[in-house]
Undergrad: 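Structure incoming, see below.
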Amino acid sequence: MVADASTRVARRRVRVTAHLLLAGPAISGLGCVVEEGSLAVSAGAPAAAAVAGTITDCGYPVPGAALVFRVQQNRPEQARPVDARIGPILTTRDGRYALEIVPGFAIPGQAHLQLQSVNGVSLDLSGPHLDFTLGTPPTDTLRFDADVGLHRGTCPS
C-alpha cells in the first residue's frame with residue numbers, strides 16, 4: 001500500500017505536507033529527493049560531481065575567501081532543470097577549496113558551472129563543464145582555479 005501511494009505522489013508532484021512525514025521512511029528507501037517543497041522519486045543513485053581549485057589575487061592565495069557557485073543543467077530527459085546556488089564555501093589558508101555537488105534532479109552528463117562571487121564581490125566566471133556521474137562520491141574532480149585580481153584587471157603588469 002505504501003509503494004502504491006508513493007507512486008501516485010510522484011506522478012502528481014504534490015506539495016510536501018505534514019502527512020508525508022508518516023510515509024518518509026518508506027519513501028526514503030525509494031530514493032526520494034525533497035527540494036523546494038516538491039517531491040520527486042528517483043529510480044537510482046543521485047548524480048554527483050566534484051570541483052576543487054585555488055583562488056588567488058594577482059598570484060597570491062586568498063585565505064578564507066567566501067565563494068558562491070551556480071550550477072545549471074537543463075536536458076530534455078530531466079524531470080526538472082537544475083539551477084542551484086551553492087555557498088558560501090570558504091577557502092583554506094592556502095586559497096584552496098573542494099566541494100561535492102549533489103543537487104536534486106541532476107542526471108548524468110554535463111552541467112554549467114559558474115563562480116558567481118568571492119567575498120560578496122560579483123565575478124560571474126564561467127568555468128569548465130561539470131560532468132555528473134551516478135553515485136557518490138563522484139568518480140572525478142573538476143579543477144577550477146580563479147585569479148580575482150586578473151579578472152578585475154588590478155594586477156601589476
Side-chain angles (χ1 to χ4, degrees), residues 1-17 19-56 62 65-92 94-120 122-148 150-151:
M1 181 165 144
V2 173
D4 245 356
S6 65
T7 303
R8 284 196 309 270
V9 168
R11 287 189 189 135
R12 285 191 271 148
R13 286 190 68 159
V14 299
R15 284 282 198 210
V16 174
T17 65
H19 298 24
L20 290 176
L21 293 177
L22 299 174
I27 294 174
S28 66
L30 298 174
C32 79
V33 177
V34 178
E35 183 177 284
E36 295 178 17
S38 296
L39 178 72
V41 177
S42 167
V51 62
T54 304
I55 303 299
T56 56
V62 181
L67 312 177
V68 175
F69 291 91
R70 183 175 183 189
V71 177
Q72 295 175 301
Q73 185 185 49
N74 189 4
R75 301 189 42 181
E77 60 271 25
Q78 282 178 275
R80 181 169 142 189
V82 172
D83 190 358
R85 188 172 178 264
I86 302 163
I89 305 296
L90 297 179
T91 60
T92 61
D94 56 356
R96 295 180 189 270
Y97 70 92
L99 67 138
E100 187 174 290
I101 303 169
V102 188
F105 299 99
I107 62 171
Q110 288 192 338
H112 180 72
L113 176 68
Q114 181 181 33
L115 176 58
Q116 285 195 311
S117 68
V118 175
N119 291 338
S122 180
L123 286 181
D124 294 327
L125 291 175
S126 288
H129 282 90
L130 282 174
D131 278 319
F132 282 109
T133 57
L134 280 181
T136 55
T139 57
D140 198 8
T141 301
L142 173 72
R143 182 86 187 175
F144 185 13
D145 298 328
D147 192 306
V148 294
L150 286 175
H151 180 71

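What you are looking at is a predicted structure, and each value in this text was computed from that prediction instead of being measured.
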Undergrad: Which heavy atom in V102 sits nearest to a heavy atom in A47, and how many Å separate them?
TA: CG1-O, 3.7 Å
Undergrad: If you look only at pairs with a residue in residues 67-88, which of them pass as a ring pair (Phe, Tyr, Trp, His ring centres under 6.0 Å), with sequence neighbours excluded?
TA: F69-Y97
Undergrad: Is the shortest heavy-atom distance from the side chain of H112 to the side chain of S126 under 4.5 Å?
TA: yes
Undergrad: Using side-chain heavy atoms (C-beta onward) and a distance below 4.5 Å, is L115 in contact with I55?
TA: yes
Undergrad: Which atom pair, heavy atoms only, marks the closest approach of A65 to T91?
TA: N-OG1, 2.8 Å
Undergrad: Quick check for you: to the nearest 0.5 Å, what is the distance between L130 atom CG and F144 atom CZ?
TA: 9.5 Å
Undergrad: Restricting to non-hydrogen atoms, name the atom on P138 and the atom on T133 that form the minimum distance, rounded to 0.1 Å.
TA: CA-OG1, 4.1 Å
Undergrad: Would you give the length of the straight line joining atom CD1 of I86 to atom CD of Q114, rounded to the nearest 0.5 angstrom?
TA: 12.0 Å
Undergrad: Rounded to the nearest 0.5 Å, how far does CD1 of I107 lie from CG of N74?
TA: 9.5 Å
Undergrad: Name the residue from V62, V118, L90 that meets the side chain to side chain contact (heavy atoms under 4.5 Å, CB included) definition with L67.
TA: V118
Undergrad: Indicate yes or no for a side-chain donor-acceptor contact from R70 to the backbone of D124 under 3.5 Å, with no hydrogens or angles considered.
TA: no
Undergrad: Answer yes or no: is there a donor N or O on one side and an acceptor on the other, between the side chain of Q73 and the main chain of Q110, under 3.5 Å?
TA: yes
Undergrad: Name all residues meeting the side-chain hydrogen bond (donor to acceptor under 3.5 Å, both in side chains) criterion together with R85; count only those two or more places apart in sequence or in a different chain, and write none if there are none.
TA: none
Undergrad: Test your reading of the model: is there a side-chain donor-acceptor pair from H151 to the backbone of L125, 3.5 Å cut-off?
TA: no
Undergrad: So how far is it from T136 OG1 to E100 CD, rounded to the nearest 0.5 Å?
TA: 6.0 Å
Undergrad: To the nearest 0.5 Å, how far apart are OG1 in T56 and CG in D145?
TA: 7.5 Å
Undergrad: Would you indicate whether the side-chain heavy atoms of L142 and D131 approach each other to under 4.5 Å?
TA: no
Undergrad: Run the salt bridge (charged side-chain N to carboxylate O under 4.0 Å, His left out) test against D94 and tell me which residues pass, sequence neighbours left out.
TA: R96
Undergrad: Restricting to non-hydrogen atoms, name the atom on A66 and the atom on P88 that form the minimum distance, rounded to 0.1 Å.
TA: CB-CB, 3.8 Å
